[in-house]
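Data first, discussion second: the structure below is written as structure tokens.
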Amino acid sequence: MLDFMFVFFAAIALAGGLVMAFHQSIVHSAFALVAVLFGVAGLYWTLGADLLGATQILLYVGGVTILLLFAVMLSTRDAGRLAIGRYILMAPVLGLLGAGLLRVYQGVIAISEGRELTLLEPEPTSDAIGQLFVDPHGFLLPFEVLSVLLLVVLVGAVTVARQQQEGTPDA
Amino acid sequence: MEALEMFTSDRNADVYTEELKLNLGPQHPSTHGVLRVELAMDGEIITDSWCDIGYLHRCAEKIGENVTYLQFTPYTDRMDYLASMNNNLAWSLTVEKLLDVEAPERAQWIRALVAELNRIASHLIAFGTYGIDLGANTPFFYAFRERESIMQLLEKISGARMLYNFIRPGGVANDIDDAWMDEVSAFCDDFEKRWVEYNTLLTDNFVFIQRTANIGILTKELALSNGCTGPVLRASGVKWDLRRDVPYLEPYDECEFDIPVGEGTHGTLGDCWDRYWVRMREMIESVRIIRQCIEKIPPGAHMEKSMVKMYKTPLKPPPGEAYVRCENPRGELGFYVVSEGGNSPIRCRTRAPSFCNLSVLDKLLPGTMLGDAVATIGSLDIVLGEVDR
Amino acid sequence: MNEAGLHAKLGAAGIDGIGELDTSAKDPFVVVEADALVAVMTFLRDDPDCAMEMLHLVTATEREACIELAYHLCSYQHHHSFVVKVICPRPEGGNHDTWHPEVPSVAGVFDAADWHEREQWDLLGVVFAGHPDPRRILLPEEWIGHPLRKDFVYPSFLGDVPLELDATPMYERGPDWTPPSSEPRPAGEPLIQPPSPPSDRPHAGGQAPAKDEAPADAADTGKEG
Amino acid sequence: MEALIGLFGELFGLEGTLALSAAYAVCIGSILGFVTVYSMFAIWMERKVAAHIQVRMGPMVTGGWHGWAQSVADAVKLLFKEDIIPTRANAFMFWIAPAVVFCGVFAGLIVVPFAVGVQVVDLHLGVFFIIAIASIEVIGVIIAGWASNSKYSLFGAVREAAQVVSYEIPTATALLVPILVVGSFRLNDFNTWQAEHHWLIFHSPWLAMAALIFFISSLAGCKRAPFDLPEAESELVSGFHTEYSGMRFSFFFLEEYTSMFVAALLTATLWFGGFNLPFVDSSAWHPALAMPIGIVVLLAKTFFFIFVQMWLRWTLPRLRVDQVMSMGYKYLVPWAFVALIATAVWDYYGWGWLPL
């Protein structure tokens with residue numbers, strides 16, 4: 001059961017990620033992002049982190065991507081197409097990032113070597129998380145900083161849209 | 001217009017909302033027929049609008065030049081199909097003016113009575129559909145219940161439910177009897193109670209006031225310059241009603257009634273709520289006129305004798321022209337008829353009140369939101385059969 | 001103030017081209033020159049004794065010798081109304097396709113004139129010089145001709161679609177009914193074909209048709225009917 | 001759920017994953033069946049309520065008694081209607097949108113306790129889960145509006161996005177108020193708490209206020225009048241589902257009525273005692289008696305709130321889009337926070353309100 005769920009959600013996330021990266025239309029990419037986030041939320045669920053999963057859906061799927069879609073749909077001409085050529089310049093940076101990520105994965109795999117996946121009974125994590133949030137020595141400050149996230153997303157979406165308009169000749 | 005500058009995005013800015021052209025109509029639930037309005041939208045805000053009419057053009061003026069004077073009466077029914085009696089009345093008065101005859105006294109009282117009944121029916125439609133425009137579906141059914149009674153009353157005397165062809169040059173088609181008038185007074189009693197119900201349901205509703213007050217403000221100057229008439233003009237604060245100021249029927253001279261004008265109850269004079277409220281109060285004034293008509297109606301002939309003779313051959317008015325305007329539910333309906341002595345006029349021009357009232361729409365819409373556009377179109381209360389003729 | 005008073009007031013305004021008041025008509029009117037129209041309208045609107053706030057109606061009437069424009073004005077302050085007319089005489093052979101009488105637009109004086117003048121251009125082909133938006137209003141933009149002219153001939157085809165006047169009624173069309181043959185429309189031609197060459201058709205003056213062609217029907221629908 | 005697994009084990013000798021899958025299948029099937037039947041009933045009820053408010057009779061012929069089969073007939077009609085995909089529409093997105101919309105609301109039902117033990121999963125995050133999963137619906141609506149390639153649809157989708165995202169804040173904040181009192185997300189805990197103490201609506205004025213705020217903002221979340229901006233038929237024809245027809249269109253209908261059900265049910269469970277009867281202590285009853293009574297009581301309360309939703313819809317005019325927004329942000333959000341903080345203070349000092 002767990003294997004099946006894990007594979008199912010991982011497949012959703014991966015497929016969504018591929019579509020997001022390679023689809024020409026930016027609106028499609030945004031919709032694919034929804035699939036990625038949903039798949040990841042499902043993975044959280046299968047691994048027993050239910051509060052995290054639900055929060056992921058509520059905030060990212062229900063909030064962030066909608067904001068993003070909003071900005072992208074409203075401010076781009078014909079919900080435009082990405083000019084991939086412009087991003088080739090960034091290839092070295094992206095390559096370095098990718099290599100770094102691979103290293104991280106290697107580490108993760110090394111840690112989980114020999115462990116067996118088991119179906120975890122979802123434990124009520126909300127109490128502990130709540131305690132950590134309000135504890136002055138806990139995560140109060142990072143939590144507050146994170147709440148700027150929505151603003152960052154909106155600014156980011158506007159920036160993407162703006163680059164689109166500069167890319168089109170008659171904008 | 002201040003709102004327009006405040007909220008719409010700057011076209012020269014780096015990032016702006018794309019301008020969207022929205023076709024409101026001709027097939028749209030709230031354009032009251034086949035009106036088409038092209039809207040330039042900035043998000044939800046209208047930046048510009050262009051009215052497009054003519055989808056219901058049926059060449060009424062050309063038809064008028066090809067049929068006899070009497071034959072044209074039913075065609076006037078089809079112009080403002082919600083107020084056929086009033087259209088018949090205007091046409092009959094025009095032809096009578098060309099022929100230099102006057103309808104008998106009793107006919108004039110009957111005319112006023114049925115015209116006021118039809119005015120109530122027409123305003124009921126305006127009230128009901130306005131509710132639908134704003135998302136309140138229920139008042140529509142209440143309004144139709146009362147309109148049904150009026151249609152049944154008028155059916156009893158004319159034989160038709162909507163397009164009556166009842167008022168004709170020289171008088172009216174049939175006489176009315178006391179039993180019918182008793183039914184009319186029973187209806188009046190009933191209607192006054194229902195009217196209070198409408199107000200509790202829609203007029204005083206907080207959401208309704210929010211949606212209509214201070215929206216689509218038509219100033220007095222703009223209304224006069226654009227030739228707006230009827231409730232639309234009166235809501236802008238001009239106390240002008242042909243029934244009182246240029247009485248074209250005897251009863252209007254003798255009956256007591258008030259002319260409701262807009263008072264800017266909820267903020268601005270001439271907003272959608274004022275137009276709505278003027279119509280609502282006009283219904284009650286019409287009831288007053290109907291009551292007095294029933295009371296004072298004199299005995300006599302319902303049709304001018306000389307006209308009955310003339311009906312046997314086509315009417316041939318002497319060369320000349322006549323312009324008569326009447327206070328219709330939607331404003332002043334005028335017929336300008338030019339005769340050169342033939343069987344039919346050489347020009348049969350209609351001044352349709354909805355046509356003039358609608359021409360102001362392009363000036364009201366910019367700066368409002370899409371929902372307000374619907375509220376504004378509804379408050380002008382147009383009938384496309386009359387706009388396009 | 002009655003019409004005579006208004007006319008006297010207008011005469012004293014010092015505008016050229018104001019004619020006499022025709023009191024024999026049911027609604028007495030004054031005929032003014034086309035050039036004087038805007039000045040007359042402005043005066044009637046602005047003069048405190050006239051105070052014609054509203055332009056009620058703009059009508060073009062095609063008569064035998066002219067196209068006549070009637071402007072119906074009224075005042076709410078003084079409860080009086082007035083009719084101003086402009087006569088555009090018909091030139092020799094003037095008819096449907098060639099003749100577009102021109103008068104100045106009063107849309108700058110009364111906003112109401114905007115749509116009324118557009119309608120008169122649409123249906124009767126009167127050109128209103130200086131109109132802010134001189135488009136057709138009721139008919140489609142690609143329509144040819146002005147249907148309220150007496151010599152207007154209803155086009156029998158709209159592109160390839162037979163229009164109702166000449167078309168076989170639906171109930172008479174059998175299973176093997178085919179639309180009447182028509183020449184395919186050459187590229188660049190307007191959608192609606194003009195009725196017939198202008199020189200072949202009489203105007204509505206009631207003169208005998210020049211040739212025994214289709215326009216006979218149309219002429220009948222004029223004022224003889 | 002556990003009971004079902006045990007049942008499968010006894011009857012068919014199923015064990016482990018197989019029994020779990022079978023139990024899930026049965027649960028999902030029964031919820032789907034419930035949703036369909038409920039929607040048909042709710043649509044019929046909506047028509048009848050509307051008709052009687054509007055001094056007419058509504059459907060009277062189909063099926064005999066007061067037209068009870070009208071919805072069945074409609075469903076059959078919708079099934080057989082042509083499924084039109086506009087030429088210029090994005091076919092895949094257009095195709096997937098109704099499913100996404102429906103999934104979101106449908107998934108919320110699996111944590112709902114209908115009576116003692118009648119529940120698919122007794123999730124300890126119950127309320128939070130419903131709110132979270134319901135937000136997927138918005139994505140579906142945006143996809144529908146965007147993929148239809150119609151301006152009216154796009155307008156509807158954008159309105160929906162703006163409205164639902166905004167109203168999630170007061171909805172969630174108002175929900176936090178009873179959660180604060182009970183100290184749990186688990187829906188069953190609300191039932192037991194209210195059985196032991198009193199209905200939460202009577203707990204303090206702030207809870208009553210929170211109930212009102214939740215009900216109003218849940219109306220906006222369900223796109224019900226006077227907040228039916230996304231499908232405002234006199235402005236946007238039909239909003240985001242203008243281009244839909246046949247079965248796909250009916251999915252939007254199912255979604256609307258199901259989300260109405262969830263909102264009404266949350267109101268009933270969180271504030272109005274859930275499946276507990278007033279003045280009667282049913283905790284000691286035998287499950288065979290308590291279960292059907294619990295279901296009936298909960299459904300009765302739920303349908304009362306659904307009736308209120310319909311009542312409002314057929315009485316009030318529609319607000320304008322900016323008024324909806326300002327209502328959410330200027331009134332509902334601040335007052336929801338006031339209720340939250342006031343409840344915290346109230347409960348800290350242990351004040352009482354009504355003599356309970």
Side-chain angles (χ1 to χ4, degrees), chain B residues 3 7 17-18 20-25 27-32 38-39 41 43-45 128-146 148 194 197 200-203 205-215 276 368-375 377-378, chain D residues 46-47 49-58 145-146 149-163 216 219-220 223-239 242 310-327 330-331:
Chain B
F7 293 120
T17 318
E18 281 283 318
L20 190 72
K21 283 271 166 60
L22 190 72
N23 247 328
L24 200 75
Q27 309 294 334
H28 188 276
S30 60
T31 49
H32 292 224
E38 202 180 330
L39 299 173
M41 311 279 299
E44 282 274 346
I45 297 170
T129 50
Y130 199 39
I132 287 202
D133 284 346
L134 299 176
N137 292 292
T138 302
F140 184 70
F141 290 90
Y142 284 37
F144 259 58
R145 179 183 56 189
E146 265 65 71
E148 182 63 31
R194 301 290 189 199
E197 202 174 79
T200 51
L201 185 65
L202 194 63
T203 313
N205 186 303
F206 177 75
V207 180
F208 179 75
I209 293 171
Q210 288 292 308
R211 280 297 305 275
T212 51
N214 304 320
I215 300 298
Y276 164 85
T368 60
M369 304 182 94
L370 184 58
D372 298 336
V374 171
I377 296 172
Chain D
E46 171 109 58
R47 291 179 147 203
V49 169
H52 284 278
I53 287 177
Q54 295 169 348
V55 290
R56 56 192 176 93
M57 296 303 285
W146 181 78
N149 194 20
S150 151
K151 285 169 184 173
Y152 288 109
S153 298
L154 188 64
F155 257 107
V158 170
R159 280 182 176 192
E160 159 91 8
Q163 174 178 322
I216 292 173
L219 280 180
K223 309 181 286 291
R224 292 292 293 186
F227 305 105
D228 57 344
L229 275 301
E231 51 196 74
E233 95 268 8
S234 62
E235 295 160 30
L236 297 183
V237 190
S238 262
T242 306
M310 292 173 178
W311 184 7
L312 287 175
R313 169 170 179 186
W314 297 107
T315 309
L316 291 177
R318 182 183 304 117
L319 285 164
R320 204 172 54 221
V321 63
D322 61 324
Q323 289 163 350
V324 170
M325 288 297 154
S326 65
M327 170 135 180
K330 285 188 193 162
Y331 302 98

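Sequence lines set the chain letters: A, B, ... in the order given, protein chains first and strands last, and positions in each chain run from 1.
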When the 4.5 angstrom heavy-atom criterion is applied to D372(B) and chain D, the contacting part is both
Of all heavy-atom pairs linking K21(B) and K151(D), the shortest is O-NZ, 2.5 Å
Honestly, the part of E235(D) sitting under 4.5 Å from a heavy atom of chain B is both
Heavy-atom nearest pair, T315(D) first then A136(B), reads O-CB, 4.4 Å
Assert top hit (heavy-atom pairs under 4.5 Å, partner chain D, pool Y142(B), F140(B), F206(B)) equals Y142(B)
If one checks every heavy atom of I209(B) against chain D at 4.5 Å, the contacting part turns out to be neither
On a heavy-atom basis, the closest approach of L24(B) and Y152(D) is CA-OH, 3.4 Å
task: Any chance you could lay out the side-chain contact (heavy atoms from CB on, under 4.5 Å) test for R211(B) and R318(D), step after step, and finish with the verdict?
output: CA-CA 8 Å; R211(B) 280 297 305 275; R318(D) 182 183 304 117; 4.2 Å; yes
Rounding to 0.5 Å, atoms CG (L316(D)) and CG (N137(B)) come to a distance of 11.5 Å
Turns out that what part of R320(D) lies under 4.5 Å from chain B's heavy atoms comes down to both
Output for pair (L236(D) CG, L22(B) CG), nearest 0.5 Å, gives 8.0 Å
When rounded to the nearest 0.5 Å, the distance separating OG1 of T138(B) from CZ of R313(D) is 10.0 Å
Exactly one candidate in V158(D), V321(D), D322(D) meets side chain to side chain contact (heavy atoms under 4.5 Å, CB included) with E44(B); the answer is V321(D)
